[in-house]
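What follows is a short report on a single structure.
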Number of protein chains: 2
Amino acid sequence: MSKSTKKELNRESLLSQGVTRFIGQGYHGTGLQEILDAVNVPKGSFYNYFGSKEDFGADVIQYYIDPFIAQLASYLDNSGTDALGAIKCYFDELIIELEKSAFKGGCLLGNLMGEIGDTSEVCQKSLQSAVNRYRDLLQLGIAKAQQQGTVRQDKSAEEMADLLINTWQGALLRMKIEKSSAPLKQCCQNLLGDYFRP
Amino acid sequence: MSKSTKKELNRESLLSQGVTRFIGQGYHGTGLQEILDAVNVPKGSFYNYFGSKEDFGADVIQYYIDPFIAQLASYLDNSGTDALGAIKCYFDELIIELEKSAFKGGCLLGNLMGEIGDTSEVCQKSLQSAVNRYRDLLQLGIAKAQQQGTVRQDKSAEEMADLLINTWQGALLRMKIEKSSAPLKQCCQNLLGDYFRP
DNA sequence: ACACATGAGACAACCGGTCGTATTATCTGT
DNA sequence: ACAGATAATACGACCGGTTGTCTCATGTGT
């Protein structure tokens, strides 16, 4: 195995573990040691991969959001005839996944926005970028639905995308303490099923 | 000064500092030492006031939410003729306060729900109680507005109160990373100014 | 004089980060 | 093609500082 491949492999293992631990215990609640132990990478090597814990956090954020964007994009592509339906299906699947994990964790972006969104400049920038990338794609889907006539046109797609993301994030917080998917379902029903309709 | 009074004073100072630090740096990001230093209470004394850091966190949560409930209640009482207007005024004042603090901190409840809402059972219970108390009051205000005809009646006051709280929490997260009150204003405008209207 | 709240410090565990060294890969000269 | 020089990376012991918790001597009110 070539060297660069092994290095890249280690890097991704660290990022993957970072996602898991940061979601479960937060940024300050997670030590580098436990991440390193979990993927069998020595302490000293960490700083060959990342400049600091903070830089690592910023990379973890991007590593986390990529699959969500890919998945939403896939839903939007595959159902060309009904963008609103695709968005609904996407969120329905998210709900199923969250139910599977017993309502633990929630969304890494939301959790880190609350914990370090205003204290770590590096992570703040990464969070901005991640949220914006996600919002832009959601906005695209909503605009498509507007053209198809399934979503009202007197509000901008950007405004509705932002509103959906924010309500969803708040619903995830409620989910965590109520151990119930009711807030998530209520979010989808009120916005996608009612407020956004023409 | 009597002893019990001094004890109560120390306790409240600790709780007040706890609110400030937990909002600013999160639960795991805040050490007991800095809280104790800030109020000049020796480290060893802490466990005479609270059973553990976790128990302390649970008490801080309740100590934090009380003034918000009192303030909202005051707005609702003083403007008996227009409950919806009172709620709007209340949130407008919150926005002004958040702008004053340069969009830092946000809401302790939201931040702690994300960080430890699913890991600390004691704090989870406290968060549940705090959010429910807040929601119940908001629900009362919305029900009043329904009777006054300024809010739609085909949705329950409870559902709208929950939706408002969740969207507000999500908007607070966005505020933190975008350093802007736009998400907060958009939350109020879309819900209180549009979706909730008859 | 006695019960008890208080407070200074001890404690082991852990934090993020550094450092010199050992190992490995890559390049060079012939 | 091969030996040797050089650069890059892997590694784990170790740093000073801090964590949450606990012990016990001191001080105080009654």
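A, B, ... follow the sequence lines: proteins, then strands. Residue 1 opens every chain.
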> Looking at A/Lys53, does any N or O in its side chain come under 4.0 Å of the phosphate oxygens OP1/OP2 on C/dG16?
Replying inline: yes
> Could you give the CG-to-P distance, from B/Leu32 to C/dC11, as a whole number of Å?
Replying inline: 20 Å
>> Please check this pair: side chain of B/Tyr49 against backbone of B/Leu14, looking for a donor-acceptor N/O pair closer than 3.5 Å.
In response: no
> Between A/Arg11 and A/Asp59, does a salt bridge (charged side-chain N to carboxylate O under 4.0 Å, His left out) hold up when you go through it step by step?
Replying inline: CA-CA 10 Å; A/Arg11 226 189 91 94; A/Asp59 285 354; 3.7 Å; yes
> Which whole-number value in Å describes the distance from B/Phe50 CZ to C/dA5 P?
Replying inline: 16 Å
>> Go nucleotide by nucleotide along DNA chain D from the 5' end; which of A/Val41 and A/Gln33 gets its closest nucleotide reached first?
In response: A/Val41
> Distance from A/Leu109 atom CG to A/Ile65 atom CD1, nearest 0.5 Å?
Replying inline: 4.5 Å
> Taking for each residue the nucleotide of DNA chain C bearing the nearest heavy atom, is the 5' side occupied by A/Tyr27 or by B/Pro42?
Replying inline: B/Pro42
> With a cut-off of under 6.0 Å to the ring centre and 45° to the axis, is B/Arg133 in cation-pi contact with B/Phe68?
Replying inline: no
> Taking CD from A/Glu54 and C1' from C/dC15, how many angstroms apart are they, rounded to a whole number?
Replying inline: 15 Å
>> Let's see if you can work this out: which of C/dG9, D/dC11, C/dG7 has an atom nearest to the side-chain heavy atoms of A/Asn48?
In response: D/dC11
> With a 4.0 Å cut-off on heavy atoms, is A/Gly44 in touch with a base, just the backbone sugar-phosphate, or nothing at all?
Replying inline: base
> So, is B/Tyr47 close to the C/dT6 phosphate, meaning a side-chain N or O under 4.0 Å from OP1 or OP2?
Replying inline: no
> Could you give the CG-to-P distance, from B/Asp37 to C/dG7, as a whole number of Å?
Replying inline: 14 Å
> Does B/Tyr75 have B/Lys88 sitting over its ring (NZ/CZ under 6.0 Å from centre, angle to axis within 45°)?
Replying inline: no
>> Nearest whole Å is fine: how far is C/dG16 P from A/Phe46 CZ?
In response: 9 Å
> In whole angstroms, how far is the P atom of C/dT6 from the NZ atom of B/Lys43?
Replying inline: 19 Å
> Who are the side chain to side chain donor-acceptor pair (under 3.5 Å) partners of A/Asp37, not counting sequence neighbours?
Replying inline: A/Gln33
> C/dA5 P sits how many Å from B/Tyr49 OH, rounded?
Replying inline: 11 Å
> Does A/Gln189 CD have over 12 foreign heavy atoms under 6.0 Å away?
Replying inline: yes
> Would you say D/dA10 has OP1 or OP2 under 4.0 Å from some side-chain N or O of A/Ser45?
Replying inline: no
>> Please report the end-to-end axis angle for the helix from C/dA1-D/dT30 to C/dT30-D/dA1, five pairs per end, rounded to 10 degrees.
In response: 10°
>> Could you tell me how far apart B/Gln25 (CD) and D/dT18 (P) are, to the nearest whole angstrom?
In response: 13 Å
